[in-house]
Amino acid sequence: MRWSQAFIPTLREDPADAEAISHKLLVRGGYIRQLMAGVYSMLPLGQRVRENVMAILREEIDAIGGQEFLLPQLHPAAIWEETGRIETMKDILMSLEDNKGARIVLSPTHEEIFATVATELTSYKHLPQLWYHIQTKFRDEARPKSGLLRVREFTMKDSYTFDVDFAGLDEQFDRHHEAYKRIFDRLGMDVVAVRASSGAMGGKESVEFMVRSAVGEDEIAVCASCDYAANLETATSTLPPIMDSEGARELERFDTPGVRTIADLEFFDGGAEAARQIKTLVYLLDGEVTLVLLRGDHGLQEQKLSDATGSIDVRAARPDEIAEALGADPGSLGAVGVEGIRVLADEALRGRSRMTTGANRNDVHVRGVDVARDIAVTEWLDLRTIESGEPCPECGGVLDVYPSIEVGHIFKLGTFYAEKLGLSVLDESGRAVPIVMGSYGIGVERSIAASIEANHDERGIVWPIELAPYKVVITVVRPDDERSRQVSTELYDELVGGGIEVLLDDRKERPGVKFTDAELIGIPLRITIGPRGLDGGIVEFVERRTGVQSDVGIGDAVARVHAFLEPRVV
RNA sequence: CGGGACGUGGCGCAGCUUGGUAGCGCGCAUCGUUCGGGACGAUGAGGCCGUCGGUUCGAAUCCGACCGUCCCGACCA
């Protein structure tokens with residue numbers, strides 16, 4: 001491609017509404033333009049990168065036996081009603097009505113549709129299967145953000161596996177896990193695979209692939225000593241036991257005028273340190289008022305609460321609902337003596353005594369609380385959010401907690417969809433058994449953005465070679481110089497003839513502009529051709545990633561380009 | 001959904017407080033001088049000031065409603 005003919009609208013200044021680096025660089029580099037909140041046009045450069053990502057995805061999924069499909073984006077609402085997800089995913093579902101008045105769902109994901117096709121799998125002999133497609137997804141995110149990192153319309157590679165039993169699922173799951181590691185390596189990202197919550201997918205076990213990034217929206221806990229890694233939504237730790245050797249043994253109410261928070265009570269005369277308080281939260285779980293008890297210095301992990309109770313609609317109670325349930329305001333709440341209300345207690349409170357908590361009367365607290373003796377706990381659960389520095393649950397090492405971008409997620413779905421949609425095969429003995437499913441997703445545009453977050457410098461994008469929209473840019477310093485034009489055109493033709501994607505910068509611009517643009521858009525190898533070098537019979541190579549420059553004889557240039565690209569690209 | 005900010009040529013912004021019909025930088029076009037790291041000069045094109053309504057002799061500017069975008073939070077495979 002000749003740059004003079006290409007549509008590569010680079011910008012000198014950062015777009016006003018971009019915050020994330022990948023967002024700024026994608027817009028400035030002429031890769032994308034925004035159409036509306038969370039919806040972007042892919043410009044020619046962006047589309048080339050997108051195709052490169054998809055090619056990698058195809059290669060790696062084909063390599064583990066995947067068969068590519070293309071399922072529709074328009075889904076009849078009825079199928080979503082059958083699995084109940086029209087309800088459980090309603091917050092992000094986009095839908096429309098056709099001219100007959102029938103409700104159509106715009107594909108947010110494709111479990112339902114692949115499962116529908118899979119009803120034609122009728123014998124164990126048909127299994128296992130690994131099906132996938134790369135298709136548009138629509139999700140009405142309440143708050144799209146950070147350019148391509150969180151959008152409402154995007155491309156996803158989603159695969160689905162179908163097996164006779166869970167052992168088969170485990171194998172396909174592991175195979176995907178390995179394929180995903182290769183994929184993200186090729187996409188230029190260091191990923192950590194973490195245990196995660198399956199959320200609304202209806203599965204039992206899932207693994208997320210996370211890339212560390214300050215703009216990431218998920219937090220993960222990673223052990224420094226072993227391979228334990230988990231999303232904060234499921235992460236646990238082993239806390240050192242606390243000896244409750246001080247304070248009152250028996251229940252004792254005391255006035256605490258003005259005390260509203262855990263911190264207030266810590267500094268109140270006769271109060272207690274946070275770790276020796278019981279924090280009482282009031283939640284509505286699918287409408288049912290529920291008390292959630294935590295150690296005073298611990299925070300609730302709402303996803304754990306949702307997962308552990310199987311509740312879909314989880315929210316903190318409003319002040320008026322709290323007052324109605326407990327007769328007091330936040331700041332003086334407690335579970336001692338409470339009856340008729342479900343009480344969920346975090347494991348960290350097990351066996352604790354001589355604790356302090358609210359008395360369900362404003363400005364009054366109670367101490368000497370023995371949890372087992374004084375509180376009617378309905379259920380003990382792991383509900384707290386762990387923190388950086390806590391001991392690893394598996395080896396006792398130190399856990400590090402940091403933000404990350406979720407670039408892939410794989411799920412063991414089990415038989416949820418088989419049961420909802422009637423998927424079964426006959427086994428060897430002629431008995432109908434439900435098909436065991438797995439699903440595996442990678443967001444294409446998010447991967448592009450995440451790769452940039454991990455591969456850039458102050459001058460612009462530094463593409464991994466495989467992702468680069470062009471592998472080489474030939475910068476013609478003086479396009480008006482006949483010799484330069486001739487040498488650059490010959491080199492361009494030879495490289496293109498050898499199957500290499502080359503951008504020939506023949507624009508009538510000053511060299512500085514061309515260098516800056518080439519670095520901004522992140523082309524891995526720049527070949528500078530100008531009178532100065534040609535006098536000595538050489539052209540100049542500059543590697544984008546390292547900045548290393550070298551003079552190359554004109555006759556050696558083609559071979560040197562191939563050598564540079566060889567490790568990854570033909 | 002709650003809180004905050006913003007909406008003015010393609011991009012980035014000023015003007016609004018104190019109403020009088022729009023300006024700067026970049027980019028764009030033409031010409032000239034330049035040309036190995038975002039050149040300089042000259043000339044020029046380009047704007048329903050988000051939309052609708054109100055106040056006023058007169059609204060980018062004041063008032064109201066709506067729409068849109070971003071940020072924080074809630075939410076989210």
Side-chain angles (χ1 to χ4, degrees), chain A residues 7 9-20 23-24 27-28 30 33-39 85 88-93 107-112 137 139-147 149-152 154 156 158 160 196-203 206-209 215 217-218 231 233 302-303 306-307 312-316 318 406-413 416 438-443 446 459-460 475-481 484 505 507-520 526 528-535 538-540 542 547 549 551:
Chain A
F7 183 65
T10 57
L11 301 175
R12 291 194 180 215
E13 292 171 279
D14 282 337
D17 50 13
E19 202 83 2
H23 187 191
K24 290 179 183 175
V27 174
R28 281 192 56 206
R33 287 295 183 263
Q34 182 176 40
L35 182 62
M36 59 180 182
V39 179
R85 293 212 293 180
T88 57
M89 292 180 77
K90 66 170 185 287
D91 291 343
I92 61 160
L93 273 189
S107 56
T109 173
H110 284 83
E111 279 78 11
E112 275 79 357
K137 306 289 187 260
R139 295 182 186 181
D140 198 1
E141 299 287 349
R143 196 181 150 210
K145 55 183 289 200
S146 307
L149 280 173
R150 184 169 204 74
V151 294
R152 299 197 294 168
F154 61 99
M156 173 176 277
D158 38 328
Y160 302 85
S197 160
S198 300
M201 292 303 296
S206 80
V207 170
E208 289 173 327
F209 292 82
V215 294
E217 298 184 85
D218 288 275
N231 191 301
E233 292 175 348
E302 283 195 15
Q303 190 66 46
S306 170
D307 289 345
I312 294 165
D313 186 21
V314 173
R315 69 170 176 87
R318 293 190 308 265
E406 176 194 346
V407 285
H409 201 161
I410 60 181
F411 300 85
K412 290 187 181 177
L413 297 176
F416 178 85
S439 78
Y440 316 83
I442 291 178
R446 180 180 287 182
R459 297 181 174 205
T475 303
V476 186
V477 175
R478 295 290 303 261
D480 56 342
D481 172 56
S484 297
D505 194 352
R507 293 177 296 169
K508 293 180 176 48
E509 289 286 351
R510 295 170 64 84
V513 173
K514 299 185 181 188
F515 295 150
T516 310
D517 273 346
E519 283 155 358
L520 174 64
R526 187 180 86 218
T528 307
I529 294 182
R532 210 167 69 189
L534 294 180
D535 284 343
I538 60 107
V539 295
E540 183 183 306
V542 182
Q549 307 191 2
D551 292 342

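Convention: sequence-line order gives letters A, B, ...; per-chain numbering from 1.
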Is a donor-acceptor pair below 3.5 Å formed from side chain Arg12(A) to base rG12(B), judging by atom type as modelled? no
Check nucleotides 30-34 of chain B against the protein and report each pair of N or O atoms closer than 3.5 Å, with its distance, or say if there are none.
{"unit_1": "rU34(B)", "atom_1": "O2", "unit_2": "Arg510(A)", "atom_2": "NH1", "d": "2.8"}

Given side chain to side chain contact (heavy atoms under 4.5 Å, CB included), test Arg507(A) with Asp517(A) step by step and report yes or no. CA-CA 11 Å; Arg507(A) 293 177 296 169; Asp517(A) 273 346; 3.0 Å; yes
Could one point to a donor on the side chain of Arg532(A) or the base of rG37(B) with an acceptor on the other under 3.5 Å away? no
So what does Pro108(A) hit on the nucleic acid, given a heavy-atom distance under 4.0 Å: a base, only sugar-phosphate, or nothing? base
Using the P atom on both, measure rG73(B) against rG36(B) and round to a whole Å. 48 Å
Between atom CD1 in Ile92(A) and atom P in rA74(B), what is the gap in whole Å? 18 Å
Report, one pair per line, the protein and nucleotides 43-52 of chain B atoms (nitrogen or oxygen only) whose separation is under 3.5 Å.
none

Classify Ala37(A) by what it touches in the nucleic acid, base, sugar-phosphate, or nothing, heavy-atom distance under 4.0 Å. sugar-phosphate
Write down the distance between CZ (Arg143(A)) and P (rC70(B)), rounded to a whole number of angstrom. 9 Å
Rounded P spacing from rA45(B) to rA39(B) in Å: 25 Å
With a 3.5 Å distance limit and no angle check, can you tell me whether Thr516(A) reaches the backbone of Gly512(A) through a side-chain donor-acceptor pair? yes
Identify whether any heavy atom of Gln34(A) sits under 4.0 Å from a base atom; if not, whether one sits that close to sugar-phosphate; answer base, sugar-phosphate or nothing. sugar-phosphate
Report the residues that fulfil salt bridge (charged side-chain N to carboxylate O under 4.0 Å, His left out) with Glu141(A), sequence neighbours left out, ordered by chain and then residue number. Arg150(A)
Tabulated below should be each protein N or O lying under 3.5 Å from an N or O of nucleotides 3-11 of chain B; please produce it.
none

How long is the line joining CZ of Arg315(A) and C1' of rG73(B), in whole Å? 17 Å
Side chain to side chain contact (heavy atoms under 4.5 Å, CB included) between Gln549(A) and Thr528(A): does it pass, once the steps are laid out? CA-CA 10 Å; Gln549(A) 307 191 2; Thr528(A) 307; over 6 Å; no
ring-ring contact (aromatic ring centres under 6.0 Å, His included) involving Phe209(A) - partner list, sequence neighbours excluded: His177(A), Tyr180(A), Phe184(A)
Base, sugar-phosphate or nothing for Ser146(A)? Non-hydrogen atoms, less than 4.0 Å. sugar-phosphate
Of all the heavy-atom pairs spanning Val215(A) and Ala20(A), show the shortest one and how long it is. CG1-CB, 4.2 Å
Can you tell me how far the CD1 atom of Ile529(A) sits from the CG atom of Asp505(A), to the nearest 0.5 Å? 11.5 Å
Among rC75(B), rG37(B), rG36(B), the nucleotide that comes nearest once only the side chain of Glu302(A) is considered: rC75(B)
NA contact type, Gln549(A), heavy-atom cut-off 4.0 Å: base, sugar-phosphate, or nothing? nothing
Just how far, in rounded Å, is P of rC70(B) from NZ of Lys24(A)? 15 Å
Contact check, side chains of Met89(A) and Thr109(A), non-hydrogen atoms, under 4.5 Å: yes
Which whole-number value in Å describes the distance from Glu19(A) CD to rU69(B) C1'? 13 Å
Any side-chain heavy atom of Gln34(A) sitting closer than 4.5 Å to one from Pro144(A)? no
For Watson-Crick and G-U wobble pairs within 3.5 Å on both distances, what is RNA chain B written in dot-bracket notation, | included for inter-strand pairing? (((((((..((((......[..)))).((((((.....)))))).....(((((..]....))))))))))))....
Steps toward side chain to side chain contact (heavy atoms under 4.5 Å, CB included) verdict (Arg446(A), Met156(A)): CA-CA 9 Å; Arg446(A) 180 180 287 182; Met156(A) 173 176 277; over 6 Å; no
Select from Thr528(A) and Asp91(A) the residue whose nearest nucleotide in RNA chain B is closer to the 5' end of that strand. Thr528(A)
Would you check if Pro9(A) and Arg33(A) make a side-chain contact, meaning some heavy-atom pair closer than 4.5 Å? yes
Would one find a side-chain N or O of Lys145(A) under 4.0 angstrom from OP1 or OP2 of rC72(B)? yes
Taking every heavy atom of Leu520(A) against every heavy atom of Leu11(A), the minimum-distance pair comes out as CD2-O, 4.2 Å
Could you give the distance separating rU17(B) and rU33(B) at their P atoms, to the nearest angstrom? 49 Å
Let me see the working for Leu534(A) and Ser484(A) under side chain to side chain contact (heavy atoms under 4.5 Å, CB included), right down to the final yes or no. CA-CA 8 Å; Leu534(A) 294 180; Ser484(A) 297; 3.8 Å; yes
In whole angstroms, how far is the P atom of rG37(B) from the CZ atom of Arg478(A)? 12 Å
Does any part of the side chain of Val477(A), heavy atoms only, come nearer than 4.5 Å to the side chain of Arg532(A), both counted from C-beta? no
Which is true for Arg446(A) with a 4.0 Å heavy-atom rule: it touches a base, it touches only sugar-phosphate, or it touches nothing? nothing
Check whether any side-chain heavy atom of Arg28(A) lies under 4.5 Å from a side-chain heavy atom of Asp14(A), and answer yes or no. yes
Mind checking if Glu540(A) touches a base, just sugar-phosphate, or nothing, with heavy atoms under 4.0 Å? base
Side-chain H-bond candidate by donor/acceptor type, His110(A) with Lys137(A), under 3.5 Å: yes
Under 4.0 Å between any heavy atoms, over every strand shown, what does Arg152(A) touch: base, sugar-phosphate, or nothing? Just pick one. nothing
Between atom CZ in Arg33(A) and atom C1' in rU69(B), what is the gap in whole Å? 16 Å
Rounded to whole Å, CG of Asp17(A) lies from C1' of rC13(B) at a distance of 14 Å
Assign each of Glu141(A) and Val542(A) to its nearest nucleotide of RNA chain B by heavy atoms, then name whichever residue's nucleotide is nearer the 5' end. Val542(A)
In whole angstrom, give me the gap between the P atoms of rG7(B) and rC16(B). 13 Å
Looking only at atom C1', what distance separates rU18(B) and rU61(B), rounded to whole Å? 10 Å
What distance, rounded to whole Å, do you find between the two P atoms, one in rG25(B) and one in rA5(B)? 31 Å
Take atom P in rC72(B) and the same atom in rC63(B), then report the distance between them in whole Å. 29 Å
Using the C1' atom on both, measure rG37(B) against rG20(B) and round to a whole Å. 48 Å
Can we say Glu19(A) and Lys145(A) salt-bridge, meaning some charged N sits less than 4.0 Å from an Asp/Glu carboxylate O? no
